[in-house]
Amino acid sequence: MLKRHQAQTQLLSDVFGAIRRGRLLQPGDSVGVCVSGGADSVALLLLLIELQEKLGVVLGVVHFNHQLRGKQSDSDENFVAKLAAKYDLPLHVGRENVAAKAKREKANLEDAGRRARYGFFARLVEEQKLTRLAVAHTADDQAETVLAHILRGTGLAGLGGIHPTSSHIVRPLLQIRRAALRVYLKDKKQSWREDATNRDTSKMRARIRKKLLPLLEKQFQPATVQHLSALANFAREDNACLDFIAASSASARCNRENGAISIDIPELLTSPQGTASAPAAHDSPGPRGPRPLRLSKGGGLEPTPTQTRAITRRIIRQIIHQAKPQAGQLTATHVDAILHIAEHGENGKSLPLPGGMEVRRERDKLLFRAIPNIANKIAHPAKEFEHHIDFSGTEAIIRVPCLACVFRLRMIDWPPKRGETSTTGPVLDRHALRLPLVLRNWRPGDRLRPAGHRNAHKLKRLLNEQRVSPREREGWPVLTSAGSLVWARGFPVAPEFAANDRTRVGILIAEEKIS
């Protein structure tokens, strides 16, 4: 009995620690726990109920009925409804005939279900019924995902597997084994629903779960799941770092004109340190593998052509991500085709791209733009800018010519020491921020939860309430951290990023007009 109690205490501690370390939830959040009726999601609900007071959050239950298994799907919904009633929690239910949706869209059934489910989640946030949704992906799910990506073919981004946070979605159980959750439920004498489709080994995910992972754990490495989970963590960190380097490089080298982005081809094919590489060169591996970084004549590190090419590929992806007017998946084949135009293409050569984009070679430049008939349908802000901020020192200075102003982000001790320069202006908690840190113009759909507000609101609504006219709000500056809105001009810092009693290093934001 004592061991069971200790195991429950440890599990609660592990989940609470994951939430705190990852800043997955903040006090005051209205959290919808996504419960399918399966063991993992039921365990997540019970764990968060036990941690609710400690976390300072408000809980609700969310269920989506895919209507794929007839009466079984309805029974799952009834089970979840009774569970919500048992703990006196509000219930949010969505329903859609996913099979009909997949047929109508000529899509994969699993993909159609995922889009329907996550679309429902997004609407709950959009309608301000919830601020966060917690889903029950486990360490086992992470391992299965990484293996599936490896088997299908993947790069560094795919090795990152499932992310702990994605917009309003949080995953507190990514470091928890599935077996531990079942032990927890049995100790609580809590039943759950079994989905027979999870045992269908005609599907790749089920074969990995039922056959491949047990084989690896039994005959190769007992800690396979933990090692794959650690690999995913490292891959996400490295991928984010490389994306930041590429985004910073793209921001410094690209020009924006009339909604299009252009870049000089020699600049595109040059390393971030400024060392040009042969356009089509590929480093041939030596007897002990690829060549390492070389020392330049000045004694600095000089990337090899292969290393330069890796950054070039990411710069291309960053440009298209920033410029495309609609959704579309860019593949490695597209990137290779763009590189071919840069290295060997004739003047005037163009290529259509996903997301309503095209790339065109104009002498020694590549021009990325929305395909004209699509561009005419999309309204672009009159003032656009995007600056990735790198704190290599104690101050970052960002000039924004279209606003005729300079932003200074300065690190300061917090609380301020006596006699220190005035700290008038918004102050961020340095350690709450994550890369990439970006100063840009506001965009439709941006949402901010300023201090003093319980929920996030569309920035457009907040600007309307402040009586900021449409013309004045063009190019309105905002600051984002890893994609989340941290601050917007004229508003308090979002509470989860604001300096507080625990802050040791603050970042002061100051805006100065260019004379």
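Distance check: Gln221 CD to Leu216 CG gives 9.5 Å after rounding to the nearest 0.5 Å. One distance of note links OG of Ser249 with CZ of Arg314; it measures 12.5 Å at 0.5 Å rounding.
Considering all non-hydrogen atoms of both residues, Ser73 and Leu68 come closest at OG-N, 3.5 Å. When all heavy atoms of Thr312 and Leu268 are compared, the pair lying nearest together is OG1-O, 3.0 Å. Scanning both residues, Gln67 and Asn97, for their nearest heavy atoms gives OE1-N, 3.2 Å.
Here the side chains of Leu147 and Leu213 are in contact, with some heavy-atom distance below 4.5 Å.
With hydrogens and angles disregarded, no donor-acceptor distance shorter than 3.5 Å links the side chain of Glu77 to the backbone of His63.
A salt bridge does not link Glu110 with Arg115: every distance from a Lys NZ or Arg NE/NH1/NH2 to an Asp or Glu carboxylate oxygen is 4.0 Å or more. Salt bridge present: Glu144 and Arg178 bring a charged side-chain N and a carboxylate O closer than 4.0 Å. The pair Asp40-Arg177 does not count as a salt bridge, with every side-chain nitrogen at least 4.0 angstrom from each carboxylate oxygen. Between Arg209 and Asp141 there is a salt bridge, since at least one side-chain N of the basic residue sits less than 4.0 Å from a carboxylate O of the acidic one. Looking at Asp429 and Arg504, no side-chain N of the basic residue comes within less than 4.0 Å of a carboxylate O on the acidic one, giving no salt bridge.
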